[in-house]
Amino acid sequence: MSSSDDDTPLVKAKTGAVSQDRIPKALDKAMDKQAPSNGHVEPGISIRMGPVDKMDVDEPATNGNTNGKRKARVSTTNGKTYKDASNSEDDDKPLSKRRRTSQQAKPPKDDSSSELSDVPLKARTLPKASAEQIGQSSDSDTPLTTKLLRKKESIEKAADKEAKAIRGKEKATAKRKSKIASDSDDDIPLAKKKAPVKKGKQVKKEESDSDAPLAKKPAAKKAKAKPVVTTPAKKGKGKVKAEQTEEDRLAEEEEEEYRWWEDAGKSDGTKKWDTLEHAGVVFPPEYEPMPKHVKFIYDGVPVTLHPEAEEIASFYGSMLNSAHNVENPTFNKNFFEDFTTVLDKTGHAKDKDGKTVKIKTFEKCDFKPIFEWFESERAKKKALPAAEKKALKAEKETEEAAFMHCMWDGRKQKVGNFRVEPPSLFRGRGEHPKTGRVKKRVTPEQITINIGEKAKVPEPPAGHRWKEIKHDHEGTWLAMWQENINGAYKYVMLAANSDIKGQSDFKKFEKARELKKHIDHIRKDYRKELKSEKMVDRQRATAIYLIDQFALRAGNEKGEDEADTVGCCSLKFQHVTLKPPNTVIFDFLGKDSIRFYDEVEVDQQVFKNLKIFKKEPKTTGDDIFDRLTTSALNKHLTNYMAGLTAKVFRTYNASYTMARLLKEMKAKGTIQEKVKAYNDANREVAILCNHKRTVAAGHAGSMEKMIEKINGLRYQVWRTKMMMIDVDTKVKKKKGAEYFERPEDLDTEWMKQHQEAEVEELRQKITKKFEKDNEKLAAENEKEMKPKELQERLEKATELADKYKKENKTGKVEAEGKGPTVDKLETAVEKLNQRIENMKIQMEDKEGNKEVALGTSKINYIDPRLTVVFSKKFDVPIEKFFSKTLREKFDWAIKSVDEDWEF
DNA sequence: TTCGGCACTTAGGACTATCATG
DNA sequence: CATGATAGTCCTAAGTGCCGAA
């Protein structure tokens, strides 16, 4: 049967080449052979990967490793229990659970050197090895971590739901009604929704459509609130409503808070404001030449530069300590080129006799004195008394106060980045061809101001004028300029906690929630289209599959003069390695030149397709999706839902994953434990989105320290056990000799070293304390202690050393503490073991977290309402999850949901 | 259909404040 | 009370995606 999966009629290709629109049957078949669809995967290792295409069920392999689990699955997409309709059993399989063979698998190359801080850098350079080589080398250590307990989960989930259903039968029905009323068909089984009723109509008028949730939802809520007072489900909302009126009154008296998320109508999505007043931008301070004695050195000779050139030299000099830039040849080359241009213009340098020195070679430049001067300045600033620092800060604040806020439709709103970017050296990431170039000072003449017609236009600095004054009501920016290196547009916009940003955030998440209603349909479609005989469709379906399953970015085309990074649509031949039967290895640099490495199992058909897309004559450097662009992809996606683009999948899958994880969580334990559990879920999402950070410089060191500490504790455990024998020789028999054995890895050599280290540590501590005490005495004008006193105090350390020495000699440990008994010692051992366990957990946590950044997903991908609900339900203060700024940013979420809310 | 222009979100790293810890 | 680790903030680069003109 496996050869019949291509049941669609095939149009004969004209030339038979892959690049034709149609996929020749022969090729498709050939691919079948190369990638045997019935290739066996050991069920023990394999997590079920790609969702099974119904059309492929005749292929044993794909089903083989999912075995019985699938049958029992109940779709939980909407948080409601119902039998999954039709053939999309796996559509809702939570992302993070599926298909990552190596969720946290480190690429083989990284493994060797986790202690080196430059590893990430290395990892970020494009691998030179061929794709095949990578495949092979990683063969050996396909790390299979994180296997999530799918079975258990679905059982728990079902039980959970049942319980819930019983608890709130009434509630549920009320909710159901209200939900329907409020235009959310969350509860309707997939089967019923899948008909693309809206399809055609929605296509073009996305503007108004995508706004629908924003506009309609709150309105619906409000309308509901009145009549529903009696139903339990509505109580919450009724209350909110009541509070609101009160608050409104209060608000009017003070600041007046605008609860836009409760405001119906408002904003058709294009017009963003009616009136807009603001103070413009703050320019960076003019360059202040360094004191005369600070010289740039050329070829060993201290020379003087024209201030303009000196400023540029100072950019470079001040960053001598960040090897990241200064050791990058491109950075140096670009810098020197731009530096030379300015030097040519300003007459190069003068030596102390006023003779011109021409600067020709970068290697002969010495920026050290400049660097040192900057360092000393920095130190000076740091050493400033706290009071002075504060005063300085306050002064700056008052100076900038006017720029901090604007008036947006008459409401005071915080402005985000009102400071114009100061000149500097461009720090492009990864292998950016322009990194190191001089980013010039921005003049008022380059800046366009966007402001209300009736508002007072901010004064440009004396003797200057703005480039242009606009009154663009459809823009949310206050000022704009273009930077000189890439021609990038820079905008001054409102801060994240402003209404306007909040609104678009809200919209974003509502859009993702809407995708929930269409996702099954979409998944079904792309699975079907994976087999389309049209190359374009097949590529598109495959791409959507990757975006959906692995949270890849869209992957727009990039220019020549940018770093060479990719996303889904721009994946190149060498970024994807195929390992039969159905394992795919992704290895490429994504946004910010962050490496994406993942070894996953995919749907058999996807594997086959990728093989076709990589078919000769394609080779390194060629596009895998050569018939696909992001705009074609997005255009296709809009057919399903207005405003649906590739990016929405990331939001959806991230939030959906978080929602699932939080829902599965048990409300038990201390607050700390709950927070930890939340962070673990957060981490899973971060891993899904490949949000990374560079490993902290001291990571390996602090790791080692922890290990030593743990070993120290283990040693103490052993010693305590030995003390038991000292107290009562009989325990040795009772507990067995094994109990008293010192762990093997803590061999005699280690022990001696450890003892010495302990003694030394104690000695240091005593000495330090002594010195400090003395200082104190000196400060109080009293007599300092004699060195003899120190000697006496150090006796303790010697005693310890002696004790250890004796222990080593006799092989016995004298019991410590008063009235030691076996019982007491046993509790002591227990306590020590507990501490060891805690530390181990802490350590693992740290290690697992060392290159995962949680912030990005929390700020951009996880619907904040999920966190708010979690906080309320589990009774953990929201402060534990959101910092002050985040609480402000997510104000709308905090104030708008009760604990019944679901993503 | 492609391309450049434009506006907006997403991103990691540098810098800074705060907290724990010894 | 210093000191190092961690959390929080700031900065700006690097994406996405839309639009209209060629």
Side-chain angles (χ1 to χ4, degrees), chain A residues 120 124 206-207 270 272 319 321-322 324-325 378 381-382 386 389 393 416-417 419-422 424 426-430 432 434-435 439 448 450 472 474-477 480 482-483 485-496 500-501 504-505 507-508 553-559 562-563 565-570 589-594 629-635 637-638 643-648 650-651 654 686 689-694 696-699 701-702 705 761 764-765 768-769 772 775-776 846 849 851 853-861 882-886 889:
Chain A
R124 285 169 195 196
E206 50 174 38
E207 206 57 68
T270 51
K272 304 287 178 26
M319 62 206 292
N321 55 347
S322 72
H324 169 61
N325 303 300
R378 200 176 311 178
K381 230 184 225 164
K382 212 173 142 194
K389 270 194 226 169
K393 207 174 146 193
N417 53 330
R419 273 181 275 263
V420 173
E421 292 174 15
S424 64
F426 173 67
R427 294 154 91 117
R429 310 196 181 139
H432 198 297
K434 291 188 177 172
T435 190
K439 192 169 81 174
T448 303
N450 191 31
D472 180 1
E474 296 184 5
T476 69
W477 52 277
M480 180 209 70
Q482 247 175 314
E483 150 266 337
I485 295 163
N486 304 294
Y489 295 85
K490 302 287 189 163
Y491 294 89
V492 173
M493 291 187 190
L494 295 198
I500 193 74
K501 292 283 183 194
S504 53
D505 225 25
K507 265 196 200 172
K508 173 182 77 186
R553 294 190 183 83
N556 279 315
E557 221 44 66
K558 289 192 77 186
E562 292 175 271
T565 62
V566 298
C568 183
C569 294
S570 48
L589 299 184
K591 181 176 179 180
D592 292 314
S593 293
I594 295 296
T629 62
T630 49
S631 54
L633 182 100
N634 285 336
K635 210 176 149 196
L637 289 174
T638 6
L644 182 60
T645 62
K647 160 181 194 288
V648 181
R650 255 167 96 79
T651 315
C689 296
N690 200 41
H691 290 143
K692 294 200 185 159
R693 58 172 179 175
T694 43
H699 178 80
S702 68
K705 256 189 217 160
E761 209 177 305
Q764 297 251 336
K765 216 167 114 187
K768 248 190 193 160
K769 172 104 172 37
K772 219 185 250 167
E775 263 170 48
K776 213 159 135 198
K846 204 170 165 180
N849 217 12
E851 51 179 8
L854 301 190
T856 309
S857 50
K858 194 189 267 190
I859 294 168
N860 300 302
Y861 287 103
F882 292 155
S883 66
K884 189 168 144 280
T885 31
L886 273 191
K889 172 180 158 102

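If you're wondering where the values come from, they're calculated on a predicted model, not measured in any experiment. Naming: A, B, ... by sequence-line order, numbering from 1 per chain.
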Discussion item. So A:S631, base contact, sugar-phosphate only, or nothing? Heavy-atom distance under 4.0 Å.
Written reply: nothing
Discussion item. Is it the case that over 12 heavy atoms from other parts of the model lie below 6.0 angstrom from the NZ atom of A:K389?
Written reply: yes
Item to complete: Please indicate whether A:K558 has more than 12 foreign heavy atoms, meaning atoms of other residues, nucleotides or ligands, lying under 6.0 Å from its NZ.
Response: yes
Worksheet item: When we call it a touch if two heavy atoms are under 4.0 Å apart, what does A:G590 touch: a base, just sugar-phosphate, or nothing?
Response: sugar-phosphate
Worksheet entry | 5' priority, DNA chain C, between A:T565 and A:K846 [closest heavy atom] | A:K846
Practice prompt. State which residues pass side chain to side chain donor-acceptor pair (under 3.5 Å) with A:S570; sequence neighbours excluded, sorted by chain then number.
Written response: none
Worksheet item: If you look at every strand shown and take non-hydrogen atoms under 4.0 Å, does A:N634 touch a base, only sugar-phosphate, or nothing?
Response: sugar-phosphate
Worksheet item: Base, sugar-phosphate, or nothing for A:S322, non-hydrogen atoms under 4.0 angstrom?
Response: nothing
Give each protein N/O atom lying under 3.5 Å from an N/O atom of nucleotides 9-13 of chain C, with the pair distance.
residue: C:dT9; atom: OP1; partner: A:T885; partner atom: OG1; Å: 3.3
residue: C:dT9; atom: OP2; partner: A:S883; partner atom: OG; Å: 3.0
residue: C:dT9; atom: OP2; partner: A:T885; partner atom: OG1; Å: 2.3
residue: C:dA13; atom: OP1; partner: A:K439; partner atom: NZ; Å: 3.0
residue: C:dA13; atom: OP2; partner: A:K490; partner atom: NZ; Å: 2.3
residue: C:dA13; atom: O4'; partner: A:R429; partner atom: NH2; Å: 3.4

Fill in: Full working for side chain to side chain contact (heavy atoms under 4.5 Å, CB included) between A:N849 and A:R693
CA-CA 9 Å; A:N849 217 12; A:R693 58 172 179 175; 4.3 Å; yes
Worksheet item: What is the nucleic acid contact for A:K765, judged by heavy atoms within less than 4.0 Å: base, sugar-phosphate only, or nothing?
Response: nothing
Worksheet item: With a 4.0 Å cut-off on heavy atoms, is A:A488 in touch with a base, just the backbone sugar-phosphate, or nothing at all?
Response: nothing
